[in-house]
2 protein chains.
Amino acid sequence: MPSATEQRIIDAAVRLFASQGYDATSVQEIVNAAGITKGALYHYFRSKDDLLFEIYRLLITAQSADMDRIIGLGLSAGETVREILASLVSSTAERVDETAVFVRELHRLGEERMTDFRAERRRYHETFLAVIEKGQADGEFSSQVPADTVVRIALGVVNQLPMWFRPDGPKTPGQLAGEIADFVLAGLR
Amino acid sequence: MPSATEQRIIDAAVRLFASQGYDATSVQEIVNAAGITKGALYHYFRSKDDLLFEIYRLLITAQSADMDRIIGLGLSAGETVREILASLVSSTAERVDETAVFVRELHRLGEERMTDFRAERRRYHETFLAVIEKGQADGEFSSQVPADTVVRIALGVVNQLPMWFRPDGPKTPGQLAGEIADFVLAGLR
DNA sequence: GCCACCCTACCGACCGGTCGGTATGCTCAC
DNA sequence: GTGAGCATACCGACCGGTCGGTAGGGTGGC
(Lines give C-alpha, C1' and ligand atoms only; values in the text may rest on other atoms or scores of the structure.)
Protein backbone atom coordinates (compact mmCIF):
# COMPACT_ATOMS: atom_id res chain seq x y z
CA MET A 1 0.00 0.00 0.00
CA PRO A 2 1.46 3.34 -1.06
CA SER A 3 2.11 6.07 1.50
CA ALA A 4 0.27 9.39 1.23
CA THR A 5 3.35 11.07 -0.22
CA GLU A 6 3.80 8.32 -2.77
CA GLN A 7 0.18 8.66 -3.83
CA ARG A 8 0.50 12.41 -4.24
CA ILE A 9 3.55 11.95 -6.44
CA ILE A 10 1.67 9.50 -8.66
CA ASP A 11 -1.40 11.73 -8.87
CA ALA A 12 0.64 14.77 -9.81
CA ALA A 13 2.66 12.81 -12.36
CA VAL A 14 -0.43 11.33 -14.02
CA ARG A 15 -2.03 14.74 -14.36
CA LEU A 16 1.10 16.35 -15.80
CA PHE A 17 2.02 13.46 -18.08
CA ALA A 18 -1.53 13.43 -19.45
CA SER A 19 -1.59 17.11 -20.25
CA GLN A 20 1.99 17.65 -21.44
CA GLY A 21 3.47 14.25 -22.17
CA TYR A 22 6.15 12.37 -20.30
CA ASP A 23 9.26 13.94 -21.80
CA ALA A 24 7.86 17.45 -21.69
CA THR A 25 7.26 17.13 -17.95
CA SER A 26 10.31 17.71 -15.78
CA VAL A 27 10.85 16.02 -12.47
CA GLN A 28 10.93 19.48 -10.90
CA GLU A 29 7.40 20.18 -12.17
CA ILE A 30 6.15 16.95 -10.64
CA VAL A 31 7.61 17.65 -7.23
CA ASN A 32 6.31 21.24 -7.32
CA ALA A 33 2.81 20.04 -8.20
CA ALA A 34 2.95 17.41 -5.47
CA GLY A 35 4.19 19.96 -2.93
CA ILE A 36 7.34 18.00 -2.12
CA THR A 37 10.99 18.00 -3.18
CA LYS A 38 13.17 15.92 -5.42
CA GLY A 39 14.66 14.13 -2.48
CA ALA A 40 11.24 12.76 -1.56
CA LEU A 41 10.53 11.59 -5.10
CA TYR A 42 13.84 9.78 -5.47
CA HIS A 43 13.30 8.27 -2.06
CA TYR A 44 10.24 6.41 -3.38
CA PHE A 45 11.14 5.93 -7.05
CA ARG A 46 14.43 4.86 -8.51
CA SER A 47 13.97 6.91 -11.67
CA LYS A 48 11.46 8.93 -13.65
CA ASP A 49 10.94 5.83 -15.80
CA ASP A 50 10.03 3.79 -12.75
CA LEU A 51 7.39 6.34 -11.87
CA LEU A 52 5.88 6.00 -15.34
CA PHE A 53 5.94 2.24 -15.12
CA GLU A 54 4.17 2.29 -11.78
CA ILE A 55 1.31 4.16 -13.45
CA TYR A 56 1.11 1.44 -16.10
CA ARG A 57 1.21 -1.31 -13.52
CA LEU A 58 -1.68 0.07 -11.49
CA LEU A 59 -3.84 0.38 -14.61
CA ILE A 60 -3.06 -3.03 -16.08
CA THR A 61 -3.52 -4.78 -12.76
CA ALA A 62 -6.95 -3.24 -12.26
CA GLN A 63 -8.11 -4.08 -15.79
CA SER A 64 -6.98 -7.67 -15.63
CA ALA A 65 -8.68 -8.16 -12.28
CA ASP A 66 -11.95 -6.79 -13.70
CA MET A 67 -11.77 -9.12 -16.67
CA ASP A 68 -11.11 -12.18 -14.52
CA ARG A 69 -13.97 -11.30 -12.20
CA ILE A 70 -16.43 -11.04 -15.11
CA ILE A 71 -15.31 -14.28 -16.72
CA GLY A 72 -15.81 -15.95 -13.35
CA LEU A 73 -19.50 -15.03 -13.36
CA GLY A 74 -20.21 -17.70 -15.98
CA LEU A 75 -22.62 -15.60 -18.06
CA SER A 76 -23.59 -16.20 -21.69
CA ALA A 77 -21.25 -14.92 -24.41
CA GLY A 78 -23.46 -11.94 -25.14
CA GLU A 79 -23.80 -10.96 -21.51
CA THR A 80 -20.08 -11.47 -20.93
CA VAL A 81 -19.17 -9.19 -23.83
CA ARG A 82 -21.57 -6.57 -22.54
CA GLU A 83 -20.16 -6.76 -19.02
CA ILE A 84 -16.55 -6.58 -20.17
CA LEU A 85 -17.18 -3.55 -22.34
CA ALA A 86 -19.31 -1.82 -19.71
CA SER A 87 -16.66 -2.30 -17.04
CA LEU A 88 -13.81 -1.33 -19.36
CA VAL A 89 -15.50 1.80 -20.66
CA SER A 90 -16.54 2.92 -17.19
CA SER A 91 -13.17 2.38 -15.59
CA THR A 92 -11.42 4.04 -18.53
CA ALA A 93 -13.75 7.02 -18.37
CA GLU A 94 -12.98 7.37 -14.69
CA ARG A 95 -9.27 7.26 -15.32
CA VAL A 96 -8.89 9.13 -18.59
CA ASP A 97 -5.56 10.64 -17.58
CA GLU A 98 -3.98 7.30 -16.77
CA THR A 99 -5.26 5.83 -20.01
CA ALA A 100 -4.07 8.80 -22.05
CA VAL A 101 -0.58 8.46 -20.61
CA PHE A 102 -0.68 4.72 -21.09
CA VAL A 103 -1.63 4.85 -24.76
CA ARG A 104 0.68 7.71 -25.61
CA GLU A 105 3.86 6.71 -23.80
CA LEU A 106 3.75 2.95 -24.23
CA HIS A 107 6.72 2.97 -26.58
CA ARG A 108 8.97 4.24 -23.78
CA LEU A 109 8.91 0.89 -22.05
CA GLY A 110 12.29 -0.78 -22.02
CA GLU A 111 12.86 -4.13 -23.66
CA GLU A 112 12.19 -6.28 -20.60
CA ARG A 113 9.14 -4.43 -19.40
CA MET A 114 7.78 -4.31 -22.92
CA THR A 115 7.99 -8.10 -23.09
CA ASP A 116 6.16 -8.42 -19.78
CA PHE A 117 3.55 -5.98 -20.91
CA ARG A 118 2.96 -7.73 -24.21
CA ALA A 119 2.46 -11.03 -22.43
CA GLU A 120 -0.14 -9.49 -20.13
CA ARG A 121 -1.93 -7.74 -22.96
CA ARG A 122 -1.89 -10.90 -25.01
CA ARG A 123 -3.53 -12.77 -22.16
CA TYR A 124 -6.18 -10.08 -21.88
CA HIS A 125 -6.71 -10.04 -25.62
CA GLU A 126 -7.05 -13.81 -25.88
CA THR A 127 -9.43 -14.09 -22.97
CA PHE A 128 -11.73 -11.67 -24.73
CA LEU A 129 -11.17 -13.44 -28.04
CA ALA A 130 -12.14 -16.79 -26.53
CA VAL A 131 -15.47 -15.40 -25.35
CA ILE A 132 -16.35 -14.20 -28.84
CA GLU A 133 -15.17 -17.39 -30.52
CA LYS A 134 -17.26 -19.45 -28.16
CA GLY A 135 -20.28 -17.29 -28.96
CA GLN A 136 -19.64 -17.85 -32.65
CA ALA A 137 -19.20 -21.59 -32.23
CA ASP A 138 -22.46 -21.83 -30.26
CA GLY A 139 -24.32 -19.90 -32.93
CA GLU A 140 -25.08 -17.04 -30.55
CA PHE A 141 -22.90 -14.70 -32.65
CA SER A 142 -22.50 -14.38 -36.41
CA SER A 143 -19.17 -15.52 -37.85
CA GLN A 144 -19.22 -13.05 -40.71
CA VAL A 145 -16.41 -10.96 -39.22
CA PRO A 146 -13.39 -12.77 -37.72
CA ALA A 147 -13.31 -12.70 -33.93
CA ASP A 148 -9.85 -11.13 -33.74
CA THR A 149 -10.96 -8.14 -35.78
CA VAL A 150 -13.93 -7.68 -33.48
CA VAL A 151 -11.63 -7.68 -30.47
CA ARG A 152 -9.36 -5.13 -32.14
CA ILE A 153 -12.27 -2.86 -32.86
CA ALA A 154 -13.73 -3.14 -29.37
CA LEU A 155 -10.47 -2.51 -27.55
CA GLY A 156 -9.48 0.18 -30.03
CA VAL A 157 -12.46 2.34 -29.14
CA VAL A 158 -11.66 2.11 -25.46
CA ASN A 159 -8.05 3.15 -25.96
CA GLN A 160 -9.15 6.12 -28.00
CA LEU A 161 -11.65 7.20 -25.38
CA PRO A 162 -9.32 9.74 -23.70
CA MET A 163 -9.10 11.58 -27.02
CA TRP A 164 -12.71 12.73 -26.92
CA PHE A 165 -14.45 11.72 -23.70
CA ARG A 166 -15.08 14.59 -21.29
CA PRO A 167 -16.42 13.96 -17.78
CA ASP A 168 -18.57 17.10 -18.11
CA GLY A 169 -19.86 16.06 -21.54
CA PRO A 170 -23.47 15.15 -22.37
CA LYS A 171 -23.12 11.42 -21.82
CA THR A 172 -22.34 9.59 -18.61
CA PRO A 173 -19.77 6.79 -18.72
CA GLY A 174 -22.64 4.37 -18.13
CA GLN A 175 -24.64 5.58 -21.13
CA LEU A 176 -21.58 5.48 -23.33
CA ALA A 177 -20.69 2.00 -22.18
CA GLY A 178 -24.22 0.87 -23.05
CA GLU A 179 -24.11 2.40 -26.52
CA ILE A 180 -20.74 0.90 -27.32
CA ALA A 181 -21.81 -2.52 -26.08
CA ASP A 182 -25.03 -2.25 -28.11
CA PHE A 183 -23.13 -1.47 -31.26
CA VAL A 184 -20.58 -4.23 -30.84
CA LEU A 185 -23.27 -6.78 -30.06
CA ALA A 186 -25.35 -5.59 -33.01
CA GLY A 187 -22.34 -6.21 -35.23
CA LEU A 188 -22.12 -9.75 -33.86
CA ARG A 189 -25.71 -10.76 -34.66
CA MET B 1 6.85 20.46 -54.06
CA PRO B 2 9.50 19.50 -51.53
CA SER B 3 13.13 19.13 -52.60
CA ALA B 4 14.85 15.76 -52.30
CA THR B 5 16.69 16.92 -49.18
CA GLU B 6 13.48 18.15 -47.58
CA GLN B 7 11.81 14.82 -48.28
CA ARG B 8 14.67 12.90 -46.73
CA ILE B 9 14.43 15.01 -43.60
CA ILE B 10 10.71 14.32 -43.30
CA ASP B 11 11.13 10.60 -43.92
CA ALA B 12 13.87 10.30 -41.31
CA ALA B 13 11.89 12.35 -38.80
CA VAL B 14 8.73 10.30 -39.25
CA ARG B 15 10.60 7.07 -38.73
CA LEU B 16 12.41 8.29 -35.62
CA PHE B 17 9.41 10.05 -34.09
CA ALA B 18 7.33 6.91 -34.61
CA SER B 19 9.81 4.62 -32.91
CA GLN B 20 11.08 6.88 -30.10
CA GLY B 21 8.65 9.75 -29.77
CA TYR B 22 9.13 13.40 -30.64
CA ASP B 23 10.86 14.61 -27.48
CA ALA B 24 13.09 11.59 -27.22
CA THR B 25 14.43 12.23 -30.72
CA SER B 26 17.12 14.88 -30.97
CA VAL B 27 17.61 17.07 -34.00
CA GLN B 28 21.07 15.60 -34.29
CA GLU B 29 19.62 12.11 -34.64
CA ILE B 30 17.34 13.27 -37.43
CA VAL B 31 20.12 14.87 -39.42
CA ASN B 32 22.37 11.84 -38.92
CA ALA B 33 19.62 9.52 -40.18
CA ALA B 34 18.94 11.78 -43.14
CA GLY B 35 22.65 12.00 -43.95
CA ILE B 36 22.73 15.78 -43.74
CA THR B 37 23.65 18.41 -41.16
CA LYS B 38 21.81 20.69 -38.80
CA GLY B 39 22.39 23.65 -41.07
CA ALA B 40 20.45 21.95 -43.83
CA LEU B 41 17.54 21.11 -41.56
CA TYR B 42 17.25 24.63 -40.24
CA HIS B 43 17.52 25.90 -43.77
CA TYR B 44 14.23 24.16 -44.62
CA PHE B 45 12.41 24.22 -41.28
CA ARG B 46 12.14 27.06 -38.82
CA SER B 47 12.08 24.77 -35.80
CA LYS B 48 11.73 21.17 -34.71
CA ASP B 49 8.06 21.92 -34.03
CA ASP B 50 7.56 23.10 -37.59
CA LEU B 51 8.92 19.82 -38.83
CA LEU B 52 6.41 17.93 -36.72
CA PHE B 53 3.59 20.11 -37.93
CA GLU B 54 4.54 19.52 -41.54
CA ILE B 55 4.07 15.79 -40.93
CA TYR B 56 0.58 16.45 -39.57
CA ARG B 57 -0.31 18.73 -42.45
CA LEU B 58 0.59 16.17 -45.11
CA LEU B 59 -1.52 13.51 -43.39
CA ILE B 60 -4.59 15.65 -42.72
CA THR B 61 -4.59 17.11 -46.21
CA ALA B 62 -4.54 13.67 -47.81
CA GLN B 63 -7.31 12.31 -45.58
CA SER B 64 -9.64 15.24 -46.16
CA ALA B 65 -9.12 15.05 -49.91
CA ASP B 66 -10.00 11.33 -49.87
CA MET B 67 -13.16 11.98 -47.90
CA ASP B 68 -14.32 14.77 -50.22
CA ARG B 69 -13.67 12.63 -53.26
CA ILE B 70 -15.81 9.80 -51.91
CA ILE B 71 -18.67 12.06 -50.88
CA GLY B 72 -18.60 13.48 -54.40
CA LEU B 73 -19.33 10.05 -55.87
CA GLY B 74 -22.95 10.30 -54.71
CA LEU B 75 -23.24 6.69 -53.53
CA SER B 76 -25.80 5.29 -51.09
CA ALA B 77 -25.16 5.71 -47.37
CA GLY B 78 -24.05 2.10 -46.99
CA GLU B 79 -21.69 2.26 -49.95
CA THR B 80 -20.33 5.63 -48.82
CA VAL B 81 -19.54 4.31 -45.34
CA ARG B 82 -17.82 1.31 -46.85
CA GLU B 83 -15.77 3.45 -49.20
CA ILE B 84 -14.74 5.90 -46.49
CA LEU B 85 -13.62 3.13 -44.15
CA ALA B 86 -11.85 1.21 -46.89
CA SER B 87 -9.92 4.25 -48.02
CA LEU B 88 -9.12 5.35 -44.47
CA VAL B 89 -7.94 1.93 -43.32
CA SER B 90 -5.83 1.40 -46.42
CA SER B 91 -4.15 4.80 -46.34
CA THR B 92 -3.54 4.48 -42.60
CA ALA B 93 -2.05 1.03 -43.01
CA GLU B 94 0.27 2.41 -45.67
CA ARG B 95 1.39 5.23 -43.42
CA VAL B 96 1.45 3.66 -39.98
CA ASP B 97 4.44 5.71 -38.86
CA GLU B 98 2.83 9.03 -39.72
CA THR B 99 -0.38 7.99 -38.01
CA ALA B 100 1.44 6.78 -34.90
CA VAL B 101 3.24 10.10 -34.59
CA PHE B 102 0.04 11.95 -35.27
CA VAL B 103 -1.99 10.18 -32.59
CA ARG B 104 0.75 10.22 -30.01
CA GLU B 105 2.10 13.75 -30.32
CA LEU B 106 -1.11 15.64 -31.05
CA HIS B 107 -1.03 17.36 -27.68
CA ARG B 108 2.19 19.16 -28.64
CA LEU B 109 0.40 21.43 -31.06
CA GLY B 110 0.45 25.06 -29.98
CA GLU B 111 -2.75 26.97 -29.24
CA GLU B 112 -3.28 28.37 -32.71
CA ARG B 113 -2.47 25.25 -34.63
CA MET B 114 -4.56 23.18 -32.25
CA THR B 115 -7.56 25.41 -33.02
CA ASP B 116 -6.99 24.99 -36.76
CA PHE B 117 -6.62 21.27 -36.36
CA ARG B 118 -9.77 20.91 -34.30
CA ALA B 119 -11.76 22.80 -36.93
CA GLU B 120 -10.49 20.48 -39.66
CA ARG B 121 -11.15 17.35 -37.63
CA ARG B 122 -14.59 18.61 -36.72
CA ARG B 123 -15.38 19.09 -40.39
CA TYR B 124 -14.17 15.58 -41.14
CA HIS B 125 -16.11 14.15 -38.24
CA GLU B 126 -19.34 15.91 -39.17
CA THR B 127 -19.15 14.95 -42.80
CA PHE B 128 -18.97 11.31 -41.75
CA LEU B 129 -21.70 11.87 -39.17
CA ALA B 130 -24.02 13.37 -41.80
CA VAL B 131 -23.69 10.27 -43.97
CA ILE B 132 -24.74 8.00 -41.12
CA GLU B 133 -27.56 10.26 -40.00
CA LYS B 134 -28.91 10.36 -43.52
CA GLY B 135 -28.78 6.58 -43.67
CA GLN B 136 -30.70 6.41 -40.43
CA ALA B 137 -33.30 8.96 -41.58
CA ASP B 138 -33.83 7.04 -44.83
CA GLY B 139 -34.30 3.81 -42.94
CA GLU B 140 -31.21 2.25 -44.54
CA PHE B 141 -29.52 2.10 -41.12
CA SER B 142 -30.88 1.27 -37.70
CA SER B 143 -31.14 4.13 -35.22
CA GLN B 144 -30.56 1.97 -32.18
CA VAL B 145 -27.09 3.41 -31.55
CA PRO B 146 -26.62 7.21 -31.88
CA ALA B 147 -24.73 8.22 -35.01
CA ASP B 148 -22.03 10.13 -33.12
CA THR B 149 -21.09 7.06 -31.13
CA VAL B 150 -20.82 5.06 -34.33
CA VAL B 151 -18.49 7.68 -35.79
CA ARG B 152 -16.37 7.61 -32.64
CA ILE B 153 -16.07 3.87 -32.80
CA ALA B 154 -15.22 3.78 -36.49
CA LEU B 155 -12.57 6.50 -36.33
CA GLY B 156 -11.24 5.13 -33.05
CA VAL B 157 -10.29 1.83 -34.62
CA VAL B 158 -8.41 3.55 -37.40
CA ASN B 159 -6.40 5.70 -35.01
CA GLN B 160 -5.47 2.62 -33.02
CA LEU B 161 -4.36 0.76 -36.11
CA PRO B 162 -0.65 1.63 -35.74
CA MET B 163 -0.68 -0.12 -32.36
CA TRP B 164 -1.18 -3.56 -33.82
CA PHE B 165 -1.13 -3.53 -37.61
CA ARG B 166 2.02 -4.95 -39.15
CA PRO B 167 2.65 -4.77 -42.91
CA ASP B 168 4.09 -8.29 -42.77
CA GLY B 169 1.14 -9.64 -40.78
CA PRO B 170 -1.39 -12.19 -42.04
CA LYS B 171 -3.93 -9.69 -43.35
CA THR B 172 -3.54 -7.22 -46.17
CA PRO B 173 -4.77 -3.67 -45.62
CA GLY B 174 -7.53 -4.40 -48.11
CA GLN B 175 -8.78 -7.47 -46.22
CA LEU B 176 -8.71 -5.60 -42.96
CA ALA B 177 -10.56 -2.65 -44.43
CA GLY B 178 -13.24 -5.02 -45.66
CA GLU B 179 -13.64 -6.71 -42.30
CA ILE B 180 -13.87 -3.44 -40.43
CA ALA B 181 -16.39 -2.05 -42.90
CA ASP B 182 -18.42 -5.28 -42.64
CA PHE B 183 -18.53 -5.05 -38.89
CA VAL B 184 -19.50 -1.39 -38.77
CA LEU B 185 -22.20 -1.89 -41.38
CA ALA B 186 -23.50 -4.98 -39.56
CA GLY B 187 -23.85 -2.84 -36.44
CA LEU B 188 -25.88 -0.34 -38.44
CA ARG B 189 -28.48 -2.81 -39.74
C1' DG C 1 34.63 35.37 -73.02
C1' DC C 2 34.91 36.71 -68.49
C1' DC C 3 34.47 38.48 -64.21
C1' DA C 4 31.94 40.83 -60.47
C1' DC C 5 28.02 40.03 -57.92
C1' DC C 6 24.62 37.64 -55.73
C1' DC C 7 21.74 33.87 -54.17
C1' DT C 8 20.46 29.37 -52.61
C1' DA C 9 21.87 25.45 -50.26
C1' DC C 10 24.38 23.81 -46.87
C1' DC C 11 28.18 23.14 -43.08
C1' DG C 12 29.56 22.39 -38.19
C1' DA C 13 31.37 24.60 -34.03
C1' DC C 14 29.35 26.64 -30.38
C1' DC C 15 26.18 28.66 -26.60
C1' DG C 16 22.85 29.29 -22.94
C1' DG C 17 19.95 26.73 -20.51
C1' DT C 18 17.57 22.64 -18.81
C1' DC C 19 17.20 18.17 -17.15
C1' DG C 20 17.61 13.66 -14.63
C1' DG C 21 19.98 12.20 -11.10
C1' DT C 22 23.16 12.28 -6.79
C1' DA C 23 25.63 13.39 -2.44
C1' DT C 24 25.05 14.80 2.00
C1' DG C 25 22.96 15.73 6.07
C1' DC C 26 19.05 16.99 9.15
C1' DT C 27 15.06 15.30 12.04
C1' DC C 28 12.04 12.73 14.50
C1' DA C 29 9.56 8.41 15.71
C1' DC C 30 10.60 4.17 17.87
C1' DG D 1 21.11 5.40 18.34
C1' DT D 2 19.42 4.38 14.19
C1' DG D 3 16.96 4.11 10.16
C1' DA D 4 13.00 5.93 7.39
C1' DG D 5 11.68 10.05 5.39
C1' DC D 6 12.72 13.77 3.63
C1' DA D 7 15.34 18.79 2.11
C1' DT D 8 19.04 21.30 -0.30
C1' DA D 9 22.74 22.08 -3.18
C1' DC D 10 24.84 20.72 -6.93
C1' DC D 11 26.80 18.04 -11.18
C1' DG D 12 27.66 16.74 -15.85
C1' DA D 13 25.42 15.53 -20.06
C1' DC D 14 22.78 16.93 -23.57
C1' DC D 15 19.64 19.65 -26.38
C1' DG D 16 17.50 23.10 -29.60
C1' DG D 17 18.85 26.67 -31.98
C1' DT D 18 22.33 30.22 -33.88
C1' DC D 19 25.74 32.05 -36.66
C1' DG D 20 29.80 33.01 -39.45
C1' DG D 21 31.19 31.02 -43.25
C1' DT D 22 31.57 28.27 -47.90
C1' DA D 23 30.60 25.97 -52.47
C1' DG D 24 28.69 26.44 -56.71
C1' DG D 25 25.64 27.95 -60.13
C1' DG D 26 23.15 31.69 -62.48
C1' DT D 27 23.24 36.46 -64.63
C1' DG D 28 24.14 40.74 -66.56
C1' DG D 29 27.52 44.46 -67.84
C1' DC D 30 31.35 45.09 -70.77
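Since this is a predicted model, take the numbers as computed values, not measurements. Numbered from 1 within each chain, the chains take letters A, B, ... in sequence-line order.
- Contact annotation: A:Ser47 side-chain N/O to C:dG20 OP1/OP2 distance is not under 4.0 Å.
- Atom P of nucleotide C:dG20 and atom OH of A:Tyr42 are separated by 7 Å, given to the nearest angstrom.
- To the nearest angstrom, P of C:dA9 lies 14 Å from CG of B:Leu41.
- To the nearest angstrom, P of C:dC19 lies 11 Å from CG of A:Asn32.
- With rounding to whole Å, A:Tyr22 atom OH is found 11 Å from C:dC19 atom C1'.
- Here C:dC11 presents its C1' atom at 12 Å from CD of B:Gln28, a figure rounded to the nearest Å.
- Closest to the side chain of A:Ile36, from the set D:dA7, D:dG16, C:dC11, is D:dA7.
- Taking side-chain N and O atoms only, B:Ser26 has no distance below 4.0 Å to OP1 or OP2 of D:dC14.
- Positionally, the nearest nucleotide of DNA chain C for A:Ala24 lies more toward the 5' end than for the other of A:Arg46 and A:Ala24.
- Spacing between atom OH of B:Tyr44 and atom P of D:dG17 amounts to 19 Å, rounded to whole angstrom units.
- With rounding to whole Å, B:His43 atom NE2 is found 13 Å from D:dA23 atom C1'.
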Test B:Ile30 against B:Leu51 for side chain to side chain contact (heavy atoms under 4.5 Å, CB included), laying out the working first.
-> CA-CA 11 Å; B:Ile30 299 172; B:Leu51 176 54; 4.1 Å; yes

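- Taking all atoms of both residues into account, the shortest heavy-atom contact from B:Phe45 to B:Ile9 is CE1-CG2, 3.8 Å.
- Taking only side-chain nitrogens and oxygens, A:Lys48 comes nearer than 4.0 Å to OP1 or OP2 of C:dG20.
- Looking at A:Asp49 and A:Tyr22, their side chains do bring a donor and an acceptor atom within 3.5 Å of each other.
- Ring centroid separation for the pair B:Phe117 and B:Phe102 comes in under the 6.0 Å cut-off.
- The NZ atom of A:Lys38 sits 10 Å away from the C1' atom of D:dC11 (whole-angstrom rounding).
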